[in-house]
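For reference, the structure discussed in these notes is given below.
A, B, ... follow the sequence lines: proteins, then strands. Residue 1 opens every chain. Reckoned from all heavy atoms, side chains included, excluding hydrogens, waters and symmetry mates.
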Amino acid sequence: MNSYTDDFSILNFQRDLVDWYKMNQRDLPWRADQDPYKVWVSEIMLQQTRVDTVIPYFNRFLSLFPTLEALAEADEEKVLKAWEGLGYYSRVRNLQTAVKEVAEQYGGRVPDTPEEISKLKGVGPYTAGAILSIAYGVPEPAVDGNVMRVLSRILLIEEDIGKAKSRTLFEKAVRELISKEDPSSFNQALMELGALICTPKSPACLTCPVHEHCRAFEQGRQRELPVKEKKTKVRHVDIAALILWREDGKYLIHKRPKEGLLANLWEFPNVPVKKRGQSEIEDLKVFLEAEWGISAEIGDHISNLDHVFSHLKWDIQLFEGRCIYEIGDKDDLKWVTFEEMEAYPFPVSHQKIIKLAKEVAVL
DNA sequence: GAAACGTGGTT
DNA sequence: TAACCAAGTTT
């Protein structure tokens, strides 16, 4: 055959892993029941996001949108507001799109087959397997970063887990290993083990419930795995941003485009700066005039701030300015008070600006 | 297949 | 501090 599970004691491994999980699993809010909608929401939130970060978001989200129907009918602005600060905002817009699809096409019942569930927006191979196994007990692999790390050690798999292709290899391994009696516990156990014991830097092998099955541990090579190539540095982008105010105590905010970075979130007026130096104020004025028909008197430089994303870094020079003249109304522009601002979803980068704007306003 | 897509905690 | 990491998916 020549598979990674040749000469591997599958049944004993399953037993040791699942027994440990049942005794040691964390008490997490999405484990209270197996409601497919809640499992779904939790899985989307947990993508690339820590459990501790997700817990309060999950509880708030479920109190705001307790059912699939409630989320399907909700205003997108409210949904984004509930996601504010969690990051990867397309996750929740895709989730709402998918939930509407389920409400309309499946009578509100989350599909329970790989073929159907995988068609839903935002449901990739991992999430499909997670929902199917956890909510429905279907023995499908749910291969995330934890699973690849854990199995790379246990089975001594030296494939680069950074490559998209290697995921299918791990899925193949899981199909051979997974407990048919309790796929839910098996999949979650693998992830729980990765989160609590088989951690990236210094795995706690001595307390690991399955170290007797671990080929890397046997050879003392657990710290060499998984193999993962390093990423390149993030790109720096210079931006000039503006706290633009009016005599009536309102500030100008702008809704970002429906695609791309921070899609549909709100922000303060800003422009990319071509050459760092003295042109920032002019860049802002030209932009306001040309794009929105606004003329402004730009005043003090407030401060410099930076914000790091996964793939780039904003270096923001923040100014303050007074609106002199404006024409017409636009859907993506709003003049609001600080109080009204609280209803709008802002990315963290612009939450920092709000904070500074409030301090400046006091003066 | 590589890059885009957020944020906060850890090392 | 900079790099790395966390229950990935879409384009």
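When hydrophobic side chains of Ile, Leu, Val, Met, Phe, Trp and Tyr are connected at separations under 4.5 Å, A/L156 ends up clustered with A/L225, A/V227. Grouping Ile, Leu, Val, Met, Phe, Trp and Tyr residues whose side-chain heavy atoms lie under 4.5 Å apart, directly or via other members, places A/F217 in a hydrophobic cluster with A/L206.
Within residues 19-26 of chain A, the residues having any heavy atom under 4.0 Å from DNA chain C are, by residue number, A/R26. Of the residues in residues 36-53 of chain A, A/Q48, A/T49, A/R50 come within less than 4.0 Å of DNA chain B through at least one heavy atom, sorted by number. Within residues 74-85 of chain A, the residues that have a heavy atom under 4.0 Å from DNA chain B are, in order of number, A/G85.
Separating the CG atom of A/L190 from the C1' atom of C/dA6 is a distance of 16 Å, rounded to the nearest angstrom. Atom CZ of A/R167 is separated from atom P of B/dA2 by 15 Å (rounded to the nearest Å). If you take NZ of A/K258 and C1' of B/dC5, they are 17 Å apart, rounded to a whole angstrom. With rounding to whole Å, A/R91 atom CZ is found 13 Å from C/dT10 atom P.
As judged by a 4.0 angstrom heavy-atom cut-off over every strand, A/L265 is placed among residues making no nucleic acid contact. Using a 4.0 Å heavy-atom distance criterion, A/W314 is classed as making no nucleic acid contact. Residue A/R149 is in sugar-phosphate contact alone, with no base atom involved, counting any heavy-atom pair closer than 4.0 Å across all strands shown.
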> How far apart are the C-alpha atoms of A/R91 and A/T49, what are their side-chain angles, what is the distance that settles it, and do they pass the side-chain hydrogen bond (donor to acceptor under 3.5 Å, both in side chains) test?
Replying inline: CA-CA 12 Å; A/R91 288 185 292 176; A/T49 310; 3.2 Å; yes
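Residue whose closest nucleotide on DNA chain B sits further toward the 5' end, between A/K165 and A/G260: A/K165. For the pair A/E259 and A/T199, both in contact range of DNA chain C, the more 5′-proximal nearest nucleotide belongs to A/T199. Comparing A/A263 and A/K163 along DNA chain B, the residue whose closest nucleotide (by nearest heavy atom) sits nearer the 5' end is A/K163. Mapped onto DNA chain C by nearest heavy atom, A/N94 and A/E192 fall at different nucleotides, with A/E192 at the one closer to the 5' end.
The phosphate of B/dT7 has neither OP1 nor OP2 within less than 4.0 Å of any side-chain N or O from A/Y57. For the OP1/OP2 pair of B/dG6 and a distance below 4.0 Å, the side-chain nitrogens and oxygens of A/H311 include no atom meeting the criterion. A close approach under 4.0 Å does not occur between any side-chain nitrogen or oxygen of A/R235 and OP1 or OP2 of B/dA3. Side-chain N/O atoms of A/T127 include one lying less than 4.0 angstrom from OP1 or OP2 on C/dT9.
Sorted by first then second residue, the ring pair (Phe, Tyr, Trp, His ring centres under 6.0 Å) pairs that include residues 25-57 of chain A, not counting sequence neighbours, are A/W30-A/F58. Residue pairs meeting the ring pair (Phe, Tyr, Trp, His ring centres under 6.0 Å) criterion with at least one member in residues 260-281 of chain A, sequence neighbours excluded, are A/W266-A/Y344. Among residue pairs with one or both ends in residues 98-141 of chain A, none qualify as ring pair (Phe, Tyr, Trp, His ring centres under 6.0 Å); sequence neighbours excluded.
The main-chain N or O of A/F346 is found under 3.5 Å from a side-chain atom of A/Q351 such that the two form a donor-acceptor pair. Listed for the A/E140 side chain is no donor-acceptor partner under 3.5 Å among the backbone atoms of A/S133.
Side-chain proximity of A/K201 to the nucleotides B/dC5, B/dG8, C/dC5 is greatest for C/dC5. Considering only side-chain atoms of A/P125, the nucleotide from C/dT9, B/dC5, B/dA2 that sits closest is C/dT9.
In this structure, A/F287 and A/W292 have perpendicular ring planes: the angle between them is above 60°, well past the 30° mark.
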Would you give me the side-chain donor-acceptor pairs under 3.5 Å for residues 161-169 of chain A, sequence neighbours excluded?
{"unit_1": "A/S166", "atom_1": "OG", "unit_2": "A/D160", "atom_2": "O", "d": "2.8"}
{"unit_1": "A/S166", "atom_1": "OG", "unit_2": "A/K163", "atom_2": "O", "d": "2.7"}
{"unit_1": "A/R167", "atom_1": "NE", "unit_2": "A/E171", "atom_2": "OE2", "d": "2.9"}
{"unit_1": "A/T168", "atom_1": "OG1", "unit_2": "A/K165", "atom_2": "O", "d": "2.7"}

Would you tabulate the side-chain donor-acceptor contacts of residues 303-315 of chain A under 3.5 Å, counting partners in other chains and residues two or more places apart, or write 'none'?
{"unit_1": "A/N304", "atom_1": "OD1", "unit_2": "A/H301", "atom_2": "NE2", "d": "3.3"}
{"unit_1": "A/H307", "atom_1": "ND1", "unit_2": "A/K352", "atom_2": "NZ", "d": "3.1"}
{"unit_1": "A/D315", "atom_1": "OD2", "unit_2": "A/H236", "atom_2": "ND1", "d": "3.4"}

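Every residue two or more places apart in sequence or in another chain was checked for a ring pair (Phe, Tyr, Trp, His ring centres under 6.0 Å) with A/W20, and none qualifies. A/Y251 is linked by a ring pair (Phe, Tyr, Trp, His ring centres under 6.0 Å) to A/F338, counting only residues two or more places apart in sequence or in another chain.
Donor-acceptor pairing under 3.5 Å, judged by distance alone, is absent between the side chain of A/Y126 and the base of C/dG8.
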